[in-house]
Asks: 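Before we start, here is the structure in question, set down as structure tokens.
As the structure is a computational prediction, the values presented were derived from the model and not from experiment. Naming: A, B, ... by sequence-line order, numbering from 1 per chain.
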Amino acid sequence: MILVDMFTMAAVGAGMFFFLAGTVGLLRFPDTLSRLHALTKADNLGFGFIVLGLLPQSPDVLSGLKLVVVWLLVQLAAATAGQLIAQFVGLERRRDPAA
Amino acid sequence: MIGTATVYGLCASGLVAIGLYGLVLHPTPLRKVIAFNLLGSGTFVLFGVAARRGGAAGFLADPVPQAMVITGIVVAFASTALAVALLLRLQETGASSIETTPPEQQDNGAS
Amino acid sequence: MIDFLYGAAALLLLLTGLGLARMMWGPAPADRMMAAQLLGTGGGAIALLIATASGITAIIDIALVLALLAAFAAVALTLGEPGTKQPDGQANP
Amino acid sequence: MTLLPDLALVLLILTAAVWTVAVRDRRDAVIGFIVVGLLLSLAWVRLNAVDVALTEAAIGGGATGLLLLRACARLVPRPAESVLPHPAMWILTGLLCSVIAAGLAAIVVMPVEPPATLAPEAAANMGELGLGNPVTVVLLAYRALDTLLEKVVLVLALIGVWTLTPEQFWGGAPASLRAQQSSGALRLLAQVLPPVGVVIGVYLVWNGADHPGGTFQGGTVLAAMWLLVMMADLREPPEIRLHTLRLLVILGPVVFLVAGFAGFWIANGFLSYPPAFAKPIIVIVEAALALSIAVILGMLVAGPAARAPR
Amino acid sequence: MMPAGYATSEGGALLVIAVMLPIVGMIAIFALGLRRAERIAFIILPGGLFIALAIAAEVARTGAAVTYVLGGWQPPLGIALQADGLSATLMVLTALILCAVGLFARGTFSTPPDMSEARRPMVFWTLMLGLWSALNTVFLGQDLFNLFVALELLTFSAVPLVCLDGRRETVQAALRYLLFALIGSVFYLLGAALLYGAYGTLDMAGLRLQAHYNPATSVALGLMIVGLMAKAALFPLHLWLPPAHAGAPAAASAVLSALVVKAPFFLILRLWFDVAPQPGNQLAAQMLAWLGIFSIVFCSIIALRQVRLKLMIAYSTVAQIGYLFLVFPLVMASDAPSAWQSIGWTGGVLQLVSHALAKASMFLAAGLIAEALGHDRIDNLNGAVTAVPISVAAFGLAGLSLMGLPPSGGFVAKLMLLTAATETANWWIVAAILVGGILAASYVFRVLGRAMAAPKIGFKTLAHIPLYRELVVLGLAISAVVLGFVPLQPFAFLGIGRVGLP
């Protein structure tokens, strides 16, 4: 039991670290595309580690399954949103090179 | 002693004030609609505070105000949709804000 | 354990909350949208942590809906005319 | 437990709200509003109102944001006209709003003892119906009339939006929701997500009888999936004269009305259910309502017809 | 929690049908091929009138309120509908006016033969029926949240009617109307949230038993009344009304002016006398009356200066609504044993009813005049009397009621209000009623003078108006006049089923 809890703490802690990294990147990086990169990292790794850490704590199989589905959906959303935002930035640059 | 519900009660009051301010002062309809939604959210949170305080009989929160909020959110969405459709139509017909020309100047047979 | 999870949720809220600053600074709509994106996924993670800590599994469904609609705002943004600033004459303090 | 996280959340919500109202650009304001919605769904979790949190997540994060962003995209960009309201005006308004907020705050910090609640009454009558989710019971049994009328409100809103169709386009299809630039990523998302989304939507409706969730949350998720498919240009919005569309719109209200009137014969009157069949009746009504809500919300976002019928 | 003790009475099911029948018709029109819109509406209209009359008869027969508890769930958990004398009266009024308007609109909103479906007929008839259901729910509802839903139903039916013809000004008016209505709804809902937080019930009877003076109650009722004032277009929140009511098609304007703005007033009345702790707040009553006085004087003057006929009538609506708000101090200061035995109360209700009939008739008459002449500029109405003589006559008869000249319902109503005001020494109200009457006379006679004048050379009518449409308008005007023959005393019927503290 203790071992499981320690695993959870470690994994959630790691997830928090990546969220921290993502937020810092979002705030500190100089241009939009590198900020986007940092954000995707937070979504992928941060969320992944938190789900990984919570999995052993889930009370029943359905909840565990839902956790995995949530993670998969976040991956998909992050990938798509990243692409779309990058495209959006590209379009914006082309239209208005000064920006 | 301030409880969790009270904290959100203050949140509700703040949202109401902010929404009302935007609703009164913004000249453009779209911004008014956004402000209306903030005002509505504040109102709903006020119901939520009553719900949370009313948790009893094995329920963590009183279900009656929760149901009212869900109904209210649906109605607020419908209002937003109608308002957006109206303001887009207004643009198509050539006006750009709700500052009307004085009605007296309109001149053609009504109905 | 429960305290740890609640603590983690609170910390995560603060972290993602900092992202709000990016929403305000901008400068491009894409930057603001990224902040919204971070709050969406962060909100999902917070919901998962609270669900596990409180034992109310229904809260996982909230994370599910948030994750399902996480990309929605970004998709909707591409409906817009890219690159056109659309000040609507509003200049409130 | 400490109140600090709650205070932080409230602070974030209010900051985002102030920014939403104060920012100049209207699209930025919409993004701000979406953020407020996301944060509010967490607030609803803290208020122990999981059903509402689900609704807020589906509506605030999905439907309303999409509706408003689409409006931004379709409104012509206008040069900034600096109509700064007169200082006296905004000071006065600010004062008025502060007074109202202070009044509300003064009332909410003094809770009544014992708390005013209908929870015990709601709990006492739940056994008869065999449903586990008290909010669903309130929505579909105790206050079924409100819910029924609210569905009529939705139908009327749709008619109201359709009224704005220019005469020559009546019966035609709404303007396309296609994205600015076709994108492989978007198309992929629109192919992968909807099957999952539909399962989740159905799950929310089904689960709503006994656990948080229900018709509106499930219906909104279904609508969101439909809209996604339309935005990825895999489907066009349907023509508003289509008979199937009309039938889907009224399916929910009709089933609800039939169940209501059936109460005159099989139970004690309008909108009452015989205890033995209460759960199946409510689940059928919920399913029909969810389908109608999905179609109505989708069509409300799509807007009035903008093309002549084929 | 004290159970309010509702019990379904014998004819209770009629109340459910009164609310649901229009909805059934609306859904049928929406689904069943819209070519049949008008035909379906003409099945529902007499049906609804019959139900309303049956409810009134039941109230009169039993001498008590008719009640229906939905699903058998006792309020405050569940919802009850209840018809007392006042709500039965208003339901009959609504049914009568809607039937008249339906007859008037017959043909103008029918589907052209070469189209499978047209926008205007479908929208007009569905919204009319939606409106009817909303009004009936407002009159019957006993639960403040149920009434919120009813008010929203009303808004969503009324707003699209304003911009039915899609002209720019009407879309603008509709948007403004919607925003005002939404602000009103949010204020109402805020008040409801506070009341629920304080008492754990939104059932009116339950609140009446529990409500006492405290900050929560006062703020809640204040917010709700302000919200409803915005919806009822009381000065200074009236700005949305004139463009909205003037822009709608005549049939819709008639319903909006005659009925829709009365629903929020009815709710203010109920909040004031059925929910608020008694005795009511003297200061608030005086304030409402003062706003009423401003409405009467200010908007009558503006009406006098209008160029277009429909806008003039719309401003006159705001002025006439002002009279309704005079009721509060008059009833409170009266020494009658209960509010509804005072002459001010009866006068107020009579003003509501007679204005509804007169204003519906006036808007319809204006519509016919505009159809016949092709415009509605007041200065150019010469010859209207030769084109549509009956409509001009109806306009004049309805005008009697607005001016408060005998014989008319408006005369009796204003006389009762005047009597109540002199009895209670509210001299400002006396002055306002007299000035309002003079101003109304000026704007009505200005129109009549033009309409009776000889036509200009080359005058021709643009459209032939079928006789039955003119007769409908005349019928409404005559009923407003006939109300003038009621006795000058409180009606017992209006007090049936009204409970409350002495």
Asks: Would you check, one step at a time, whether the test side-chain contact (heavy atoms from CB on, under 4.5 Å) holds for B:Tyr8 with D:Leu9?
Replies: CA-CA 9 Å; B:Tyr8 288 99; D:Leu9 181 55; 3.4 Å; yes

Asks: Is B:Leu46 in contact with chain D via its backbone, its side chain, both, or neither, using a 4.5 Å heavy-atom distance?
Replies: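 The answer is the side chain of B:Leu46.
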
Asks: Below 4.5 Å from any heavy atom of chain D, which atoms of B:Val64 appear? Answer side chain, backbone, both or neither.
Replies: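 It is both, since atoms from each part get that close.
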
Asks: Among B:Val24, B:Leu60, B:Leu20, B:Leu10, single out the residue with the greatest number of heavy-atom pairs under 4.5 Å to chain D.
Replies: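 Going by pairs under 4.5 Å, I would pick B:Leu60.
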
Asks: Tell me, which pairs form a salt bridge (charged side-chain N to carboxylate O under 4.0 Å, His left out) where one or both residues lie in residues 6-23 of chain D, sequence neighbours left out?
Replies: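 The answer is D:Asp6-D:Arg46.
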
Asks: Ignoring hydrogens and geometry, is there a side-chain-to-backbone donor-acceptor pair from B:Arg31 to B:Leu25 under 3.5 Å?
Replies: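 No; zero donor-acceptor contacts below 3.5 Å.
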
Asks: If we define contacts as heavy-atom pairs under 4.5 Å, which of B:Thr71, B:Leu23, B:Val33 has the most with chain D?
Replies: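 That would be B:Thr71.
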
Asks: With a 4.5 Å cut-off on heavy-atom pairs, point out which of B:Ala61, B:Ala12, B:Gly48 contacts chain D the most.
Replies: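 Of the candidates given, the most pairs with chain D belong to B:Gly48.
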
Asks: For a quick test of reading the model, state the closest non-hydrogen atom pair linking D:Ala157 to B:Leu82 and the distance between them.
Replies: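 Closest pair (atom of D:Ala157, atom of B:Leu82, distance): O-CD1, 4.4 Å.
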
Asks: Quick check for you: among D:Asn133, D:Ile100, D:Thr64, which has the greatest number of heavy-atom pairs under 4.5 Å with chain B?
Replies: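 Going by pairs under 4.5 Å, I would pick D:Thr64.
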
Asks: At a 4.5 Å cut-off on heavy atoms, which part of B:Val74 comes close to chain D: side chain, backbone, both, or neither?
Replies: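 It is both, since atoms from each part get that close.
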
Asks: Would you say B:Asn37 and B:Thr80 are linked by a side-chain donor-acceptor pair, where the criterion is simply a distance under 3.5 Å?
Replies: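 Yes, side-chain donor-acceptor contact under 3.5 Å.
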
Asks: Can you tell which part of B:Ile73 gets under 4.5 Å to a heavy atom of chain D, answering side chain, backbone, both or neither?
Replies: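 B:Ile73 touches chain D through side-chain heavy atoms alone.
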
Asks: Quick one: are D:Val301 and B:Phe77 in side-chain contact, heavy atoms under 4.5 Å?
Replies: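 Yes, their side chains come closer than 4.5 Å.
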
Asks: Is it the case that the side chain of D:Thr117 and the backbone of B:Gly54 share a donor-acceptor pair, with hydrogens and angles ignored and the cut-off at 3.5 Å?
Replies: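 Here the side-chain-to-backbone pair exists.
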
Asks: Checking D:Ser292 side chain against D:Leu289 main chain: does a donor-acceptor pair fall under 3.5 Å?
Replies: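 Here the side-chain-to-backbone pair does not exist.
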
Asks: Looking at D:Asn48 and B:Arg52, would you say the former's side chain and the latter's main chain have a donor-acceptor pair under 3.5 Å?
Replies: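 No, D:Asn48 side chain to B:Arg52 backbone: no donor-acceptor pair under 3.5 Å.
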
Asks: Examine whether an atom of D:Leu96 lies under 4.5 Å from a heavy atom of chain B, and if so say whether it belongs to the side chain, the backbone or both; otherwise answer neither.
Replies: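 The answer is neither part of D:Leu96.
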
Asks: Between D:Leu75 and B:Leu87, does the side-chain contact (heavy atoms from CB on, under 4.5 Å) criterion hold? Intermediate values first, please.
Replies: CA-CA 9 Å; D:Leu75 281 171; B:Leu87 66 94; 3.7 Å; yes

Asks: For the candidates D:Val18, D:Val52, D:Leu7, D:Leu300, which exhibits the highest count of non-hydrogen atom pairs separated by less than 4.5 Å from chain B?
Replies: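 Ranked by heavy-atom pairs under 4.5 Å with chain B, first place is D:Val52.
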
Asks: How would you list, in number order, the residues of residues 136-143 of chain D that have a heavy atom less than 4.5 Å from chain B?
Replies: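 Against chain B, the residues of residues 136-143 of chain D that fall inside the cut-off (heavy atoms, under 4.5 Å) are D:Val138, D:Leu139, D:Arg143.
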
Asks: Using a 4.5 angstrom heavy-atom cutoff, name the option from D:Leu67, D:Thr147, D:Ile296, D:Leu154 with the most pairs to chain B.
Replies: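 Sorted descending by pairs with chain B, the first entry is D:Leu67.
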
Asks: Using heavy-atom distances under 4.5 Å, tell me whether B:Val69 contacts chain D through its side chain, its backbone, both, or neither.
Replies: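 Just its side chain gets close to chain D.
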
Asks: Among D:Ile34, D:Leu40, D:Leu38, exactly one meets side-chain contact (heavy atoms from CB on, under 4.5 Å) together with D:Val36. Which residue is that?
Replies: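 Only one of D:Ile34, D:Leu40, D:Leu38 forms a side-chain contact (heavy atoms from CB on, under 4.5 Å) with D:Val36, namely D:Leu40.
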
Asks: Answer with side chain, backbone, both or neither: which region of B:Arg53 has an atom nearer than 4.5 Å to a non-hydrogen atom of chain D?
Replies: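 Contact with chain D involves both backbone and side-chain atoms of B:Arg53.
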
Asks: Among B:Ala76, B:Gly9, B:Ala67, single out the residue with the greatest number of heavy-atom pairs under 4.5 Å to chain D.
Replies: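 Option with the top pair count is B:Ala67.
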
Asks: Among D:Ala63, D:Pro166, D:Ala71, single out the residue with the greatest number of heavy-atom pairs under 4.5 Å to chain B.
Replies: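 Highest number of heavy-atom pairs under 4.5 Å: D:Pro166.
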
Asks: Are B:Thr28 and D:Arg26 side-chain neighbours, meaning at least one heavy-atom pair lies under 4.5 Å?
Replies: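 No - every pair of side-chain heavy atoms lies 4.5 Å or more apart.
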
Asks: Identify which of B:Gly14, B:Ala78, B:Ala81 forms the greatest number of heavy-atom pairs closer than 4.5 Å to chain D.
Replies: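 Most heavy-atom pairs within the cutoff with chain D belong to B:Ala81.
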
Asks: With chain B, which of D:Val161, D:Leu158, D:Leu164 has the greatest number of heavy-atom pairs at distances under 4.5 Å?
Replies: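 Top option by heavy-atom pairs under 4.5 Å: D:Leu164.
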
Asks: Measure from the side-chain N and O atoms of B:Gln91 to the backbone N and O of D:Arg74, and report whether any donor-acceptor pair falls under 3.5 Å.
Replies: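 Answer holds: yes.
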
Asks: Would you call B:His26 and D:Val21 a side-chain contact if the rule is heavy atoms closer than 4.5 Å?
Replies: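 Side chain of B:His26 against side chain of D:Val21, heavy atoms only: contact under 4.5 Å found.
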
